[in-house]
Amino acid sequence: MSGQTEVREFQAETRQLLDLMVHSVYSNKDSFLRELISNSSDALDKLRLESLQDKSLDVDTSDLHIQLEVDSDQRTLTVRDNGIGMSREDVIGLIGTLARSGTAELRRKLAEAKDAAASEELIGQFGIGFYSTFMVADRVTLVTRFAGDDVATRWESTGDGTYTIDEVTGAPQGTSVTLALKPADTDDHLYDYTDATKLRQLVKRYSDFIAWPIRMDVEKPVAAPATESGAEESGSDAEPKTEIVSETINSQKALWAKSADEVSEEEYTEFYRHVSHGWDEPLEVITVKAEGTFEYQALLFIPSQAPFDLFMRERTSGVQLYVKRVFIMDDCEELMPEYLRFVKGVVDAADLSLNVSREILQQDRQIRAIRRRLTKRIISTVGDLRSNRPEDYRTFWEHFGRVWKEGLVNDFDNRDAILKASSFASTDSADDLTTLADYVGRMRSGQDSIYYMTGETRQQIENSPHIEAFRAKGIEVLLLTDPVDEMWVTSGLEFDGKSFTSIAKGAVDLDALADDADGDADAEAKADKEKQAESFAGLLGWLGETLSDDVSEARLSSRLTESAACLVGDTFSMSPQLEKLYRASGQELPKSKRALELNADHPLVTGLNAAFVAGDDHSALVGTAKLVYGMAVIAEGGELGDPAEFAKLLAGTLTDSLGSVES
Ligand SMILES: Nc1ncnc2c1ncn2[C@@H]1O[C@H](COP(=O)(O)OP(=O)(O)OP(=O)(O)O)[C@@H](O)[C@H]1O
């Protein structure tokens with residue numbers, strides 16, 4: 001019996017994604033089955049957990065399983081489970097709309113994707129779960145009854161703009177998804193999914209480890225009954241008899257309980273996809289087996305692709321917690337520090353209660369011990385990747401380096417090891433990243449700091465005036481462009497006894513590092529410097545006052561070779577990027593002032609000094625002073641406080657210079 005049918009429209013976003021599935025570019029169409037079985041398995045986990053926690057829940061959990069049902073005449077395949085089911089609201093929210101925050105992002109990227117291969121990769125990165133059914137089906141019907149509810153909900157769609165939803169009674173608890181299959185077309189990687197052999201093969205390949213039985217009715221020859229004489233009944237007219245028997249077609253073996261040499265790479269990959277809801281391959285598999293006081297097993301994966309929500313607040317699925325093979329929770333944050341949130345997998349602890357809650361976990365000594373050990377294992381694994389598999393390490397770094405470096409700020413116990421396994425862009429190479437050990441190996445004699453500069457892009461840093469003298473003298477500088485770099489680099493961390501020094505802050509004395517330094521030349525240079533300082537003293541004092549709203553002082557620079565001026569913070573001041581980040585996050589910060597450093601060899605600066613020394617009335621030079629300051633801000637990629645004033649001053653100066661050309 002069914003209630004009134006309601007026709008609803010898919011959201012525009014969902015429609016576009018559906019359209020993509022219907023005209024799928026994804027060659028691995030078989031994976032729809034994995035998605036459905038995976039959803040069913042999750043639903044069974046949830047029901048078991050729910051019934052453990054809520055004893056009053058009136059549900060039968062005696063035979064939790066997944067059933068595959070085939071109707072060859074109708075060409076349908078049904079995946080049925082007796083799991084937790086969904087309410088009508090769930091169906092509309094979870095199935096009817098692709099409400100996940102990454103959908104818009106996926107669509108945008110798909111629109112940009114140039115070819116089918118790029119689209120495949122994107123689908124791999126985002127995953128499309130339930131909607132993958134439309135790769136193989138013309139019509140999908142879902143009937144579901146939430147545990148404890150009386151009425152069930154039926155949802156149906158042909159993958160065009162609408163779906164229907166209505167109430168049904170008499171449906172069993174759990175969920176069934178029935179696919180009206182498209183005709184097989186092997187050229188399009190679309191197989192006959194009513195074929196028992198094919199289904200068996202797919203379950204074996206993708207879902208063998210699923211903890212719940214996956215059953216299918218299969219036709220089997222009936223063993224002929226023995227006659228009284230003991231001989232089998234036989235006769236020329238006897239047709240071989242068959243019967244339909246229900247068979248469990250997965251082995252249900254928990255992969256984490258097996259030793260690594262018993263598990264194939266493919267099995268690990270499929271398990272990884274199940275726990276991560278990902279479609280990519282794992283970059284590395286980590287197995288841990290602890291015996292003794294705390295017994296547990298862990299099977300962890302480092303993915304090869306960052307999920308779209310890596311930097312979103314409500315991230316999903318990380319490491320799942322099991323207790324003695326029973327699923328307890330997804331995304332068990334207590335088992336993994338936040339900066340390792342990209343790690344996926346399972347931890348099965350033997351000695352916890354099945355009723356364990358998040359509150360208890362937070363206090364639990366065993367959980368803390370597991371977390372400590374797993375963290376160390378992951379860090380050492382990444383270190384090994386770096387040493388032994390540079391290509392894979394590079395993939396890792398591209399996808400997860402930014403998150404990894406959060407550990408330098410947050411994980412005090414392991415930060416030296418994290419730093420060791422990190423890598424950085426530097427002026428040493430345009431393409432390759434460097435480790436700190438290699439950087440230190442290239443340090444100049446007399447250099448006791450690791451020099452770095454932070455900025456928004458590599459190009460911006462490389463073009464900033466601060467780096468000029470370092471470039472001219474061939475001193476290597478790390479180029480740090482991730483927001484998190486600002487944090488760890490100023491946290492007092494050292495590497496190999498060397499501190500990190502920003503080239504955009506404090507005074508630098510590069511002369512001490514000159515490799516060709518000779519005593520006489522040094523003394524001469526020092527005397528020159530002193531003389532220069534004297535001749536510029538008046539100008540510097542005046543500039544400091546004139547620009548006092550913006551700068552703390554004006555001084556001569558030893559870091560400039562090409563530009564006229566740059567701005568330099570105190571050793572412990574915030575960089576402009578960090579200030580910007582804080583402001584963007586809504587924090588009020590007092591205006592900070594930096595020193596204006598001038599290049600005493602630049603014609604603009606020597607000209608300005610000559611003009612300053614030549615007259616007593618310096619008011620005509622105020623505009624030039626402001627321009628010099630503004631140029632320093634622009635050169636480092638900063639934002640002018642009053643761009644209109646700067647533009648006006650510049651226009652006036654240009655006009656004057658043209659006037660002098662005309663006359
Ligand atoms: N058989 C089922 N029983 C109960 N709930 C289900 C079932 N299938 C799907 N759902 C619900 O619908 C939601 C959406 O499913 P869908 O497969 O689209 O995405 P997902 O499993 O959350 O993520 P992914 O796309 O990564 O697989 C699930 O999270 C689950 O809450």
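One-based numbering, in listed order, for ligands and for the atoms of each. Side chains are part of it too, since the values below use all heavy atoms of this structure and drop only hydrogens, waters and symmetry mates.
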Which of R75, K29, K182 passes salt bridge (Lys or Arg N to Asp or Glu O under 4.0 Å) with D192? Answer is R75
Item to complete: Within a distance under 4.0 Å of any heavy atom of F130, pick out the atoms of ligand 1 and give their elements.
Response: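 Here the atoms of ligand 1 in question are 16 (P), 17 (O), 18 (O).
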One finds that the ligand 1 atoms under 4.0 Å from a non-hydrogen atom of E35 are 27 (O)
* Decide whether an N or O pair under 3.5 Å exists between D81 and ligand 1. =>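 Indeed, backbone or side chain, D81 has an N or O that close.
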**Asked** Should I84 be counted as touching ligand 1, given the test is an N or O pair under 3.5 Å?
**Response**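 No: no nitrogen or oxygen of I84 is under 3.5 Å from one in ligand 1.
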Is there a side-chain contact between R200 and V218, using heavy atoms and a 4.5 Å cut-off? yes
Using the benzene-type ring in the case of Trp, are the ring centres of H274 and F209 under 6.0 Å apart?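 Yes; F209 has its ring centre under 6.0 Å from that of H274.
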Under 3.5 Å side-chain donor-acceptor pair for E219 and T242:
yes
### Within reach of ligand 1, part of M86 (heavy-atom separation under 4.0 Å)
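Near ligand 1, M86 shows its side chain, while the N, CA, C and O stay back.
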Report the relative orientation of the aromatic rings in W404 and F342; use parallel for angles under 30°, tilted for 30 to 60°, perpendicular for over 60°.
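Tilted.
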